[in-house]
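Structure first, then comments.
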Amino acid sequence: ASAGNVAAEVQAEIEAKGLSPTIHPGPDGQRGPMGQAWISGTQQVVDAYLQDPRLQPWHAMMQRLGVRSAIALPLLRGETVEAVLFLLGAYPHQFSNPLLQAWLDVVQHRCEQLLIASAAPLLQRSGAQHRAQWRSLLYQGALRMVVQPVVDLRSGAVIKVEALARLQAEDGALVSPGLFLPALGKDDLQALFRQGLVQSLRALHAWRQTGLDIALSLNLDPTTLVVPDCPLWVERALREADLPPAALTLELLETQEIDALAVDEAIARLRDLGVRLAMDDLGSGYSSMKRLASLPFDVIKIDQDVVQDVARHPLQGIALMRTVLQMGRDMDCAVVAEGLEDAALIEVAMLLGCPLGQGYGLARPMPIEAFPEWLRSHSTLPLPSGEDLHSWLGATAYMWLSQHQNHATHPHTSLAACPVTRFLHREGIQDADALRWHALWHESAFEQERKEAGRAFLLWMEEQVLARSASAQAQSVGDGFEGV
């Protein structure tokens with residue numbers, strides 16, 4: 001399907017010349033932007049279309065049509081790339097514009113929602129026959145592992161991947177865990193873990209043989225955790241893959257359905273092996289926070305609902321995320337923020353001092369065999385940088401921090417030096433009350449007046465975040481894809 005000002009001409013040229021867009025490598029072994037988007041699950045920007053050698057067969061046609069740039073947007077259903085949306089631009093570097101990038105993220109998300117909606121009838125099928133199908137696939141060698149990078153938010157380097165399970169249906173589609181996990185019994189979950197462990201460690205060994213110094217994490221469900229032979233399975237898989245135990249992190253999710261003493265004993269046995277342990281979804285319940293203090297975890301993962309609540313309820317979400325981060329620091333654990341879906345959430349996590357991040361805004365899940373090629377072109381990921389603030393959510397987080405941190409260790413900045421001042425100027429804000437509150441927070445000699453002004457300014461900033469979010473969502477529905 002195609003649309004836009006030159007869509008008919010492009011379609012006619014394609015049919016006349018017998019050209020066909022492809023995701024497969026060319027004669028030189030290189031994939032074009034559509035193929036790269038399909039393999040990596042990430043956006044592929046072409047800043048100068050007529051200078052890109054991968055697109056040489058298309059140069060003459062696109063020059064006549066006035067095309068000067070392009071972008072390939074992978075569209076995912078669940079964690080799997082189902083299609084690629086290829087947009088053509090009339091200006092060089094058109095799709096590198098930060099303002100347009102925000103719109104592109106909305107377009108990509110909207111298209112993915114439409115893909116999911118189109119599959120709803122399939123996803124709603126249930127019953128014994130369907131559940132038997134998932135179980136059958138598991139035992140027929142249909143398990144396919146995908147990986148999602150975990151990124152150091154201080155350097156942009158990929159330091160680890162999380163391996164995630166999928167089942168490949170007969171038509172080639174990858175089935176997400178939300179569909180097949182409810183169909184699996186305890187024995188099936190054990191088989192799933194053992195197969196996923198072997199596949200993932202085999203890939204990790206191959207990567208390390210080529211010089212990729214990457215660690216790997218894998219989910220371990222509670223019912224498999226307490227199986228007496230579980231440590232033996234892990235030890236054998238590590239030995240067969242010739243990997244040190246510290247290369248593997250097992251992510252554990254708390255459950256109330258299994259005796260806490262049995263869980264603690266199982267964790268101790270795994271700990272004795274030397275593997276690293278992570279508590280998954282910290283912040284999803286009070287009990288998990290209590291148990292963190294009593295168990296030997298190396299890593300904690302902030303529940304993605306906690307992270308994404310920052311966008312829905314900024315002040316409340318920022319406060320909760322900061323609390324969980326501080327708990328991780330106090331426990332001397334590495335902290336990973338899950339669910340970093342866009343640049344604004346990434347900026348908030350960085351401002352709050354979260355060391356590690358994971359989410360679609362950084363890198364989407366990809367086939368395990370595609371990771372080395374992806375990493376070679378993404379040795380470091382671009383992160384918000386410099387002293388300036390880049391989003392309303394980030395500016396709100398900065399102000400929240402400035403009002404809650406210890407000013408004995410973090411001296412109060414002047415109004416002129418405050419990055420929020422520069423942010424408001426760039427945004428063209430002329431709201432007299434907001435500017436006065438901000439100035440009073442910095443300059444008032446009266447502590448109570450400063451606190452009241454700071455609180456009023458924070459509430460105003462939260463209103464701006466929510467208003468802009470609602471406006472962007474409404475515009476994405478109304479605009480569709482016209483104007484590209």
Side-chain angles (χ1 to χ4, degrees), residues 23-25 28-31 35-42 44 74 79-81 137-152 155-168 172 174 177 190-220 224 230-251 270 273-278 298-299 334 336 356 358 362-381:
I23 62 172
H24 302 295
D28 60 357
Q30 286 194 328
R31 286 183 172 87
Q36 289 288 354
W38 180 271
I39 290 295
S40 68
T42 60
Q44 300 294 314
E79 308 288 354
T80 307
V81 177
L137 286 173
L138 174 64
Y139 293 104
Q140 290 175 2
L143 179 64
R144 300 291 181 268
M145 302 303 291
V146 300
V147 293
Q148 184 174 32
V150 176
V151 179
D152 187 325
S155 67
V158 176
I159 59 138
K160 179 188 288 188
V161 295
E162 179 181 359
L164 305 163
R166 304 290 183 266
L167 290 178
Q168 187 169 35
L174 292 183
Q190 293 173 30
L192 176 68
F193 172 72
R194 296 180 70 180
Q195 289 184 37
L197 179 68
V198 170
Q199 283 190 29
S200 302
L201 293 184
R202 186 182 298 132
L204 182 60
H205 171 78
W207 300 340
R208 290 196 165 199
Q209 289 293 100
T210 64
L212 296 182
D213 187 16
I214 292 291
L216 180 139
S217 64
L218 183 70
N219 290 290
L220 175 56
T224 302
C230 182
L232 297 178
W233 299 336
V234 175
E235 189 276 332
R236 183 183 303 120
L238 285 165
R239 185 177 67 252
E240 291 177 352
D242 192 24
L243 289 168
L248 174 65
T249 299
L250 294 174
E251 298 188 9
L270 288 173
L273 285 180
V275 300
R276 293 168 62 81
L277 300 175
D298 304 286
V299 181
V336 181
L356 303 172
Q358 182 178 354
L362 292 165
R364 294 172 176 245
M366 65 194 74
I368 198 166
E369 62 272 12
F371 174 70
E373 181 180 344
W374 177 90
L375 185 61
R376 277 190 283 272
S377 58
H378 297 81
S379 56
T380 57
L381 299 181

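This one's a predicted model, so the numbers in the text were calculated from it and none came from an experiment.
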Which donor-acceptor pairs under 3.5 Å do side chains of residues 236-245 form with protein atoms, sequence neighbours excluded?
residue: Arg239; atom: NH1; partner: Glu235; partner atom: OE1; Å: 2.6
residue: Arg239; atom: NH1; partner: Glu235; partner atom: OE2; Å: 2.8

Only counting residues at least two apart or in another chain, list the ones meeting side chain to side chain donor-acceptor pair (under 3.5 Å) with [X].
| X | result |
| --- | --- |
| Ser217 | Glu251 |
| Gln140 | Ser136 |
| Arg144 | Gln168 |

For [X], check side-chain contact (heavy atoms from CB on, under 4.5 Å) against everything at least two apart and list the hits.
| X | result |
| --- | --- |
| Ala165 | Leu143, Met145, Phe180, Leu192 |
| Thr380 | none |
| Ala157 | Ser155 |

Do [X] and [Y] have side-chain heavy atoms sitting under 4.5 Å apart?
| X | Y | answer |
| --- | --- | --- |
| Leu138 | Gln195 | yes |
| Val158 | Leu362 | no |
| Leu220 | Leu270 | yes |
| Trp233 | Val198 | no |
| Val147 | Trp374 | no |
| Leu248 | Leu197 | yes |
| Pro372 | Leu212 | yes |

So, taking the atom named [atom1] in [X] and the one named [atom2] in [Y], what distance separates them when rounded to the nearest 0.5 Å?
| X | Y | atom1 | atom2 | value |
| --- | --- | --- | --- | --- |
| Leu250 | Thr224 | CG | OG1 | 11.0 Å |
| Leu164 | Met366 | CG | CE | 11.0 Å |
| Leu356 | Ile159 | CG | CD1 | 4.5 Å |
| Thr210 | His205 | OG1 | NE2 | 10.0 Å |

Legend entry - Set of residues satisfying salt bridge (Lys or Arg N to Asp or Glu O under 4.0 Å) with respect to Glu373, sequence neighbours excluded: Arg31
Legend entry - Test applied, side chain to side chain donor-acceptor pair (under 3.5 Å); reference residue, Gln148; option that passes from Arg364, Glu162, Gln358: Gln358
Inset, instruction - Identify, with sequence neighbours excluded, every residue that meets ring-ring contact (aromatic ring centres under 6.0 Å, His included) alongside Trp207. - result: Phe371
Provide the closest heavy-atom pair for [X] versus [Y] in the form atom of the first, atom of the second, distance.
| X | Y | answer |
| --- | --- | --- |
| Arg276 | Asp298 | CA-OD2, 3.2 Å |
| Leu218 | Ser200 | CD1-OG, 4.2 Å |
| Ala37 | Pro74 | O-CB, 3.6 Å |

